[in-house]
Asks: 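So that we are looking at the same thing, I have put the structure below in structure tokens.
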4 protein chains.
Amino acid sequence: MIIKIDEYSDVPIYMQIRNQIVMGISSGDLAPGEQLPTVRALALEMGINTMTVSKTYQLLKQEGYIFTDRKNGARVRETINKSGTVSDENKNELKRIVSESRLSGVSKEDLVKLIDEFY
Amino acid sequence: MIIKIDEYSDVPIYMQIRNQIVMGISSGDLAPGEQLPTVRALALEMGINTMTVSKTYQLLKQEGYIFTDRKNGARVRETINKSGTVSDENKNELKRIVSESRLSGVSKEDLVKLIDEFY
Amino acid sequence: MIIKIDEYSDVPIYMQIRNQIVMGISSGDLAPGEQLPTVRALALEMGINTMTVSKTYQLLKQEGYIFTDRKNGARVRETINKSGTVSDENKNELKRIVSESRLSGVSKEDLVKLIDEFY
Amino acid sequence: MIIKIDEYSDVPIYMQIRNQIVMGISSGDLAPGEQLPTVRALALEMGINTMTVSKTYQLLKQEGYIFTDRKNGARVRETINKSGTVSDENKNELKRIVSESRLSGVSKEDLVKLIDEFY
DNA sequence: GTGGTCTAGACCACG
DNA sequence: GTGGTCTAGACCACG
């Protein structure tokens with residue numbers, strides 16, 4: 001799985017990595033139980049500091065996506081909490097995206113197509 | 001139109017206001033040509049710095065949502081650029097939201113319902 | 001409010017500070033809405049790194065005890081989430097403490113007295 | 001007596017085992033004089049490193065909960081030191097737990113009930 | 001002035 | 001070998 005940093009983005013590096021790992025888990029690129037690269041390996045590969053990667057792993061751990069194990073490093077959790085609901089923050093974001101897209105002349109059908117594509 | 005700041009949110013104040021104005025334009029709460037409150041008036045009303053409101057208006061202007069003229073202050077543009085496409089940033093955000101929601105056990109249908117509701 | 005670090009403790013510094021702030025909020029030493037020292041001030045006062053204090057504030061923020069505001073720094077939240085239940089982790093800890101104390105010959109009444117004192 | 005490791009917990013494995021053995025002694029599941037499994041046996045049974053179990057037994061021995069002799073391996077001590085007091089560390093922990101629970105809206109009575117249940 | 005992010009580098013406990 | 005913590009120092013966005 002390839003992780004790419006957009007250095008011009010306003011999204012902090014540790015969050016960009018976090019987002020891509022979450023998307024990787026969702027798409028199946030990262031299977032349950034699969035080991036993530038070590039903090040050092042990922043930092044080296046991406047040319048960033050280990051602290052930054054560490055921050056990402058701490059966040060993913062706290063969110064329940066991964067767990068760490070001193071023997072095996074970081075691994076994807078087998079069972080991820082299924083609340084069954086979209087978080088309030090994500091609802092707000094979604095509303096913003098729909099509003100902006102609508103103003104840009106995007107049809108509802110095109111948005112649904114994107115949902116279809118990403119799901 | 002009422003603008004509400006979430007003081008606990010990580011989203012900067014100027015961006016929260018920007019987002020709510022864009023959503024207001026999209027929903028029709030703010031009609032094309034309608035005048036926005038002056039920077040001073042809005043800052044006073046919301047108990048925030050004028051610099052913050054000014055930043056919001058600058059951004060909205062630059063994004064093509066509003067225009068300013070010396071006589072009438074800031075007004076909603078009559079014609080907003082209709083690219084007909086979802087911006088790359090919004091596509092990325094949408095993908096992230098879909099991934100997270102999917103992992104939380106949200107069905108595709110529920111996401112489509114939200115699009116329906118917000119559009 | 002005075003925060004003291006035990007440099008011989010196994011509990012990380014950022015967690016020791018976090019614990020003392022939580023206890024300060026619970027006891028009323030830190031009132032709702034009250035401003036915490038700035039990251040820099042606290043770091044200087046305690047002779048530790050700003051990053052360490054920053055980690056504490058991030059944690060307290062994520063746990064819902066405080067919020068940060070670029071104008072006013074970090075402040076105690078007015079409303080803290082009331083689940084009404086003891087967390088599983090705290091239950092486990094409590095069970096461990098009760099077991100150890102019991103083996104040391106501490107009576108149930110003495111433990112209840114401590115609860116009384118700390119509540 | 002069954003020992004269970006929570007692989008998602010931040011508590012080190014050797015400490016999780018230690019805690020469960022102490023709670024086992026307190027509850028009577030492990031009687032005074034009773035023999036504990038050998039380091040090898042327990043490590044094999046739990047699928048962990050012998051070094052980890054060894055560390056647990058060293059700690060329990062140093063704390064005065066068990067003793068070892070070459071012939072019979074590790075056994076629960078007949079007489080455990082009865083200081084009659086709660087250790088400073090446990091007092092601190094208890095205070096932290098009470099503070100957090102109180103802030104979560106847990107009543108004093110509910111905490112006392114837990115003491116009652118665990119004692 | 002404030003918190004947030006990041007680097008380069010170090011040391012430590014766990015296993 | 002692994003993640004976790006910490007330092008000293010820097011720069012940035014927000015307000």
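Quick note: numbers below take in every heavy atom, side chains included, and nothing from hydrogens, waters or symmetry partners. Per chain, numbering begins at 1; letters A, B, ... match sequence-line order.
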Asks: Atom CG of A:Leu59 to atom P of F:dG4: distance rounded to whole Å?
Replies: 12 Å
Asks: Within the 4.5 Å heavy-atom criterion, are B:Met15 and B:Gln20 side-chain neighbours or not?
Replies: no
Asks: Measure from CZ on C:Phe67 to C1' on E:dG4 and round the result to the nearest Å.
Replies: 17 Å
Asks: Separation of C:Ile48 atom CD1 from F:dA8 atom P, in whole Å?
Replies: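 After rounding, the gap between these two atoms is 11 Å.
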Asks: Check for a donor-acceptor pair, side chain of D:Gln35 on one end and backbone N or O of D:Asn72 on the other, with a separation under 3.5 Å.
Replies: yes
Asks: Apply the test side-chain contact (heavy atoms from CB on, under 4.5 Å) to residues C:Gln58 and C:Arg18: give CA-CA distance (whole Å), side-chain angles for both, the deciding distance (0.1 Å), then the verdict.
Replies: CA-CA 10 Å; C:Gln58 288 277 312; C:Arg18 177 260 179 212; over 6 Å; no
Asks: Does any N or O donor sit under 3.5 Å from an N or O acceptor when you compare the side chain of A:Arg40 with the base of F:dG3?
Replies: yes
Asks: Counting only side-chain N and O atoms of A:Thr68, is one of them less than 4.0 Å from OP1 or OP2 of F:dG4?
Replies: yes
Asks: More 5' along DNA chain E: C:Asp69 or D:Met51, using each one's nearest nucleotide?
Replies: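 The residue mapped nearer the 5' terminus is C:Asp69.
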Asks: Are the side chains of B:Glu100 and A:Ser26 in contact, using a 4.5 Å heavy-atom criterion?
Replies: no
Asks: Quick check on E:dG15: is either OP1 or OP2 less than 4.0 Å from any side-chain nitrogen or oxygen of D:Lys55?
Replies: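 No, D:Lys55 has no side-chain N/O under 4.0 Å of OP1/OP2 on E:dG15.
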Asks: Look at all strands and tell whether A:Ser54 reaches a base, only sugar-phosphate, or nothing, counting heavy atoms closer than 4.0 Å.
Replies: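 Base contact.
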Asks: A:Leu60 has an atom CG; how far is it from atom C1' of F:dG3, in whole Å?
Replies: 14 Å
Asks: Using OP1 and OP2 only, check whether a side-chain N or O of A:Thr52 sits under 4.0 Å from E:dT5.
Replies: no
Asks: Whole Å only: how far is the CG atom of D:Asn49 from the P atom of F:dG1?
Replies: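 It is 15 Å, rounded to the nearest whole Å.
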Asks: For DNA chain F, what are the stems built from at least three Watson-Crick or G-U pairs in a row, each pair having both distances below 3.5 Å?
Replies: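 Correct response: E:1-14 with F:1-14.
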Asks: Distance check: side-chain N/O of A:Lys71 vs OP1/OP2 of F:dG1, anything under 4.0 Å?
Replies: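 For F:dG1, OP1/OP2 do not have a side-chain N/O of A:Lys71 under 4.0 Å.
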Asks: Taking atom P of F:dT5 as reference, at what distance in whole Å does atom CD of C:Gln58 sit?
Replies: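 Whole-Å distance recorded here is 14 Å.
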Asks: Between A:Thr50 and A:Arg70, name the one whose nearest nucleotide on DNA chain F is closer to the 5' end.
Replies: A:Arg70
Asks: Would the distance check show the side chain of D:Glu93 and the main-chain N or O of C:Ile97 forming a donor-acceptor pair, the cut-off being under 3.5 Å?
Replies: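 No; zero donor-acceptor contacts below 3.5 Å.
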Asks: Rounded to the nearest angstrom, tell me the gap between atom CD in A:Gln62 and atom P in F:dG3.
Replies: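 After rounding, the gap between these two atoms is 18 Å.
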Asks: Answer yes or no on whether B:Arg77 is positioned over the face of B:Tyr65, meaning its NZ or CZ is under 6.0 Å from the six-membered ring centre and within 45° of the axis.
Replies: no
Asks: Which comes earlier along DNA chain E counting from the 5' end, the contact point of A:Gly47 or that of C:Val39, where each point is its nearest nucleotide?
Replies: C:Val39
Asks: Under a 3.5 Å distance rule, please check whether C:Thr52 uses its side chain to pair with a backbone N or O of C:Ile48 as donor and acceptor.
Replies: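 Here the side-chain-to-backbone pair does not exist.
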Asks: Report the distance from atom NZ of C:Lys61 to atom P of E:dT2, rounded to the nearest whole Å.
Replies: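 For the pair C:Lys61 NZ and E:dT2 P, the rounded distance is 16 Å.
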Asks: Kindly write out the residues that satisfy side chain to side chain donor-acceptor pair (under 3.5 Å) with C:Glu34, not counting sequence neighbours, or none if the list is empty.
Replies: none
Asks: Counting distance only, does the side-chain N/O of A:Ser54 pair as donor-acceptor with the main-chain N or O of A:Thr50 below 3.5 Å?
Replies: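 No: the side chain of A:Ser54 does not pair with the backbone of A:Thr50.
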Asks: Please give me the minimum heavy-atom distance between B:Tyr8 and B:Asp6, naming the atom from each residue.
Replies: N-OD1, 2.9 Å
Asks: When you measure from every atom of DNA chain F, which of residues 4-20 of chain B have a heavy atom less than 4.0 Å away?
Replies: B:Pro12, B:Ile13, B:Tyr14
